[in-house]
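Scroll down for the structure; my scribbles are underneath it.
Lettering follows sequence order; numbering is per chain, from 1. Side chains included, hydrogens not; waters and symmetry mates left out as well; all remaining heavy atoms used.
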Amino acid sequence: MQVESSLREPLVTGGKTVHDVTADICRQVEGKPTKSWMLGMALSLGVLSVGAYAVFMLLWEGIGVWGLNKTVGWAWDITNFVWWVGIGHAGTLISAILLLFRQRWRMSINRAAEAMTIFAVICAACFPGLHMGRLWLGFYWALPLPNTFGSLWVNFNSPLLWDVFAISTYFTVSLVFWYIGLIPDFATIRDRATNKISKAVYGALSFGWDGAAKTWMRYEAVALILAGLATPLVLSVHTIVSFDFATSVIPGWHTTIFPPYFVAGAIFSGFAMVLTLMLVTRKLFKLEDYITIYHIELMNIVIIITGSIVGVAYITELFIAWYSGVPGEQYAFFNRALGPYWWSYAAMMTCNVISPQLFWFKKIRTSIVSTFVLSIVVNIGMWFERFVIIVTSLHRDYLPSSWAMFYPTKYDLGVYIFTFGLFFTLFLLFAKFFPVINMAEVKSIVKATSEKKNDKVYGLGSREKAMEVK
Amino acid sequence: MESDKHYVLGVFNDEDVLLKAVSTVRQSGINIHEVYSPFPVHGLDEALGYRRTRLPIVAFMFGLLGTSLALTMQFSMLGLDWPMVIGGKDFVSIPPFIPVTFELTVLLAALGMVATFMVISDLKPYKEPRLFDIRITDDKHVMAIDLAKNPMAKQQITEVLSSAGAEEVNDKDFE
């Protein structure tokens, strides 16, 4: 029997029973698409097709259509790649790390967060793929496959190759973790289905799940071990992404602080994106009883913590640049803050260091409007962080004669827009056809931590009374 | 009577009542075929007397396989097949091989364990589930008792189930 104090905020409100959970979550899967969903889908597909034009032109003409030059050989492509991969980290953090810490509030947000992870990783993978220019050759450039040059193998000493292994492992494991969790919920939809098509589709997807105690026992063991595997994995992925920079000898990149700093930044931006998406989903699908203000508050607290870690990392970097006494390093940071890209540095500092501190006020972190606005501000800030790290370090390096500026072209913008279209199209498809909340997991806590339980065990309005006494 | 055909089902609404009922029913000498639930009930596997799953060991073995495959691949490709000086380091230098080794360890451990889980639990696409009660995936816990495997009379089993807290006691016959 699970016991939870009545002083704790209930995780499921509105007096929901186990059957209500099924009915509420299945409603949007079984119903006709709503007008707002159609509108969102039309918009996403529009954005996707505009972006698809940019991608087509890029592949047709080559990388020259981007604003890159001899000095800045890496700009928006890698910025966007790191940004999307970072966003993808929240899903695994919620489903794996919070599972190991037995945080039950993860249960109503993990499904959508994991979906977001998978779609964000797909968007991220677009950039290195497209930057190769010839997408179709990517497989044997990036993977250790036998080839006609000898075989000349890939370079296992290169962080870029580690990235290939890290990102593809991360994608595969996240996908498997997500799907295992979906199987029992697909079975619920299958058993409620009334028409032939959904019976057949969800029947196939549910893998013949019957809810036997023995299968549940194994399922729980699998979920726990996957969480144990995914936890070091998620930390390794952004560590390896940061190695792309940290193992080079470019001033501003060559720092040992990068791995922890990148991981904290990834969780920071990922939680912000989860909030952006969940606040909209919650409203449109009327899930206020499952994703409560308490859930939003807890996520905002994670944002304060990771945002503060990121802030400390920025200041540490500045201090170390000064303390190292290396002129190149000192100039790189001076140029970041006061050089021609000062505005991007200022945007990064404001959005990432100052704005999350507003969540110290309870009014702000429990307000839906301010959470929504700040979640977008945080992701703008995190985009600028990567832009600052990448472009300002490259554009003025050791050789002043080759100093240059980077200006994006419409194709830089277009490919970025393409990934937005892709992301939202995939997310909307997921939200319509898949259960957006993990029904089986939420059902398992209805008895232990809902308003209904508090009222039943301690009397009507017990929590309010207890809080008054306190 | 043929086994696996005729069942008595105890339908429960509450997981804590179900847990107590499992012990009561087993103590009265009834063999439980299986319990079906809409969500995982903690302690149910112990109450039913199931052995702890050995899937963690499977995961560990597949992880070891991943480690050794990754190291063998990197040693043989960069050490034996085409040795090349990269960054002035040895042909085979262990530290840069660790990231790929770690990733392949995790990948194989995860995929191997999940595949084993699918096979031993017989989960596969297009499999028709053998459903005892349609409400199992919604909100009811169902305890299935195979009549052929119990010498007790049906009447007696029904009584034990109701007194243990079953809300309904139903019959289920498979063709």
Side-chain angles (χ1 to χ4, degrees), chain A residues 1-2 17-19 21-22 144 150-159 161-162 165-166 168-169 172-173 176-177 180 183-184 187-188 190-192 203-222 225-226 229-230 232-233 236 240 243 440-441 443-444 447, chain B residues 14-16 19 34-42 44-45 48 50 52-53 55-56 59 63 73-74 77-78 81-82 84 86-87 89 93 96-97 99-100 102-104 106-107 109-111 113-114 117-118 120-132 134-139 142:
Chain A
M1 189 177 159
Q2 306 179 60
T17 62
V18 172
H19 176 73
V21 176
T22 315
S151 296
L152 179 61
W153 302 109
V154 291
N155 179 5
F156 285 106
N157 298 284
S158 163
L161 184 80
W162 304 343
F165 279 86
S168 48
T169 301
T172 316
V173 173
V176 166
F177 200 178
I180 291 283
I183 291 175
T188 303
R190 169 198 71 200
D191 292 347
R192 284 169 59 94
L205 289 173
S206 64
F207 281 23
W209 179 268
D210 59 0
K214 193 162 239 165
T215 320
W216 273 123
M217 173 182 75
R218 291 172 181 149
Y219 168 95
E220 291 239 283
V222 166
I225 297 203
L226 280 180
L229 288 169
L233 176 65
S236 84
I240 290 175
F243 284 168
E441 282 203 327
K443 283 175 189 174
S444 73
K447 199 188 165 197
Chain B
D14 186 298
E15 62 262 37
D16 296 317
L19 265 181
E34 180 61 296
V35 176
Y36 298 89
S37 300
F39 52 84
V41 179
H42 289 277
L44 188 57
D45 43 342
L48 284 165
Y50 290 154
R52 253 181 87 177
T53 171
L55 279 168
M73 173 177 79
Q74 295 175 88
M77 284 178 185
L78 291 195
D81 191 48
W82 190 317
M84 202 162 26
I86 296 162
K89 295 186 186 69
S93 151
F97 290 176
V100 170
F102 171 77
E103 300 300 334
L104 286 180
V106 168
L107 183 68
L111 291 183
M113 173 182 61
V114 168
F117 166 61
M118 296 286 182
I120 58 175
S121 306
D122 195 26
L123 293 171
K124 56 193 174 203
Y126 299 106
K127 185 195 154 196
E128 275 294 318
R130 194 159 175 250
L131 284 180
F132 284 83
I134 198 85
R135 295 168 300 173
I136 288 167
T137 53
D138 181 7
D139 62 345
V142 170

Exercise. Where does L111(B) contact chain A at under 4.5 Å (heavy atoms): side chain, backbone, both or neither?
Worked result: side chain
Exercise. Which heavy atom in I240(A) sits nearest to a heavy atom in P99(B), and how many Å separate them?
Worked result: CD1-CB, 3.9 Å
Problem set entry | Region of F102(B) in contact with chain A, defined by heavy-atom distances below 4.5 Å | side chain
Exercise. What part of L152(A) is in contact with chain B, defined as an atom under 4.5 angstrom from a non-hydrogen atom: side chain, backbone, both or neither?
Worked result: both
For this session: Under 4.5 Å, counting heavy-atom pairs only, tell me which of L226(A), T169(A), L233(A), V18(A) racks up the most with chain B.
Result: T169(A)
Exercise. Can you tell me how far the NE2 atom of H19(A) sits from the CZ atom of R135(B), to the nearest 0.5 Å?
Worked result: 11.0 Å
Problem set entry | Minimum heavy-atom distance between P40(B) and S444(A), given as atom pair plus value | O-CB, 4.2 Å
Problem set entry | Any side-chain heavy-atom pair of F156(A) and M73(B) under 4.5 Å | yes
Exercise. When only pairs under 4.5 Å are counted, which of P232(A), S168(A), S158(A) shares the most heavy-atom pairs with chain B?
Worked result: P232(A)
For this session: Specify the closest pair of heavy atoms between G208(A) and P129(B), including all atoms of both residues, with the distance to one decimal.
Result: O-CB, 3.7 Å
Exercise. Using non-hydrogen atoms only, which part of I136(B) is less than 4.5 Å away from chain A: side chain, backbone, both, or neither?
Worked result: side chain
Problem set entry | Gap between atom OG1 of T137(B) and atom CH2 of W209(A) - 0.5 Å precision | 11.5 Å
Exercise. Which atom names give the shortest non-hydrogen contact between L131(B) and R190(A), and what distance separates them?
Worked result: CD2-NH2, 4.0 Å
Problem set entry | chain B contact via Y219(A) - side chain, backbone, both or neither, heavy atoms under 4.5 Å | both
Problem set entry | Atom of Y126(B), atom of A204(A) and distance for their closest heavy-atom approach | CE2-CB, 3.4 Å
Exercise. Who among R130(B), M84(B), Q74(B) has the most heavy-atom pairs with chain A under 4.5 Å?
Worked result: Q74(B)
For this session: Drop me the distance from Y36(B)'s OH to T215(A)'s OG1, to the nearest 0.5 angstrom.
Result: 8.0 Å
Exercise. Among T53(B), V142(B), L104(B), V100(B), which residue forms the greatest number of heavy-atom pairs with chain A at distances under 4.5 Å?
Worked result: V100(B)
Exercise. If you round to the nearest 0.5 Å, how far is OG1 of T172(A) from CD of E103(B)?
Worked result: 10.5 Å
For this session: Taking the side chain as every heavy atom from C-beta outward, state whether P184(A) and F39(B) have any pair of such atoms under 4.5 Å apart.
Result: no
Exercise. Do the side chain of E34(B) and the main chain of K214(A) share a donor and acceptor less than 3.5 angstrom apart?
Worked result: yes
For this session: Pick one of side chain, backbone, both or neither for V21(A), based on which atoms fall under 4.5 Å of a heavy atom in chain B.
Result: neither
Problem set entry | Region of L48(B) that comes under 4.5 Å of a non-hydrogen atom in chain A | side chain
Exercise. Between atom CD1 of I180(A) and atom CE of M118(B), what is the distance when rounded to the nearest 0.5 Å?
Worked result: 3.5 Å
Exercise. So which heavy atom on A109(B) is nearest to which on L229(A), and how close?
Worked result: CB-CD1, 3.9 Å
Seminar exercise, completed: Counting heavy-atom pairs under 4.5 angstrom with chain A, the leader among D81(B), D122(B), L44(B) is D81(B)
For this session: Kindly indicate whether the side chain of M113(B), heavy atoms from C-beta on, has any atom under 4.5 Å from the side chain of V222(A).
Result: yes
Exercise. Can you tell me how far CG of D139(B) sits from OG1 of T17(A), rounded to the nearest 0.5 angstrom?
Worked result: 7.0 Å
Exercise. What part of A110(B) lies closer than 4.5 angstrom to a heavy atom of chain A: side chain, backbone, both or neither?
Worked result: both
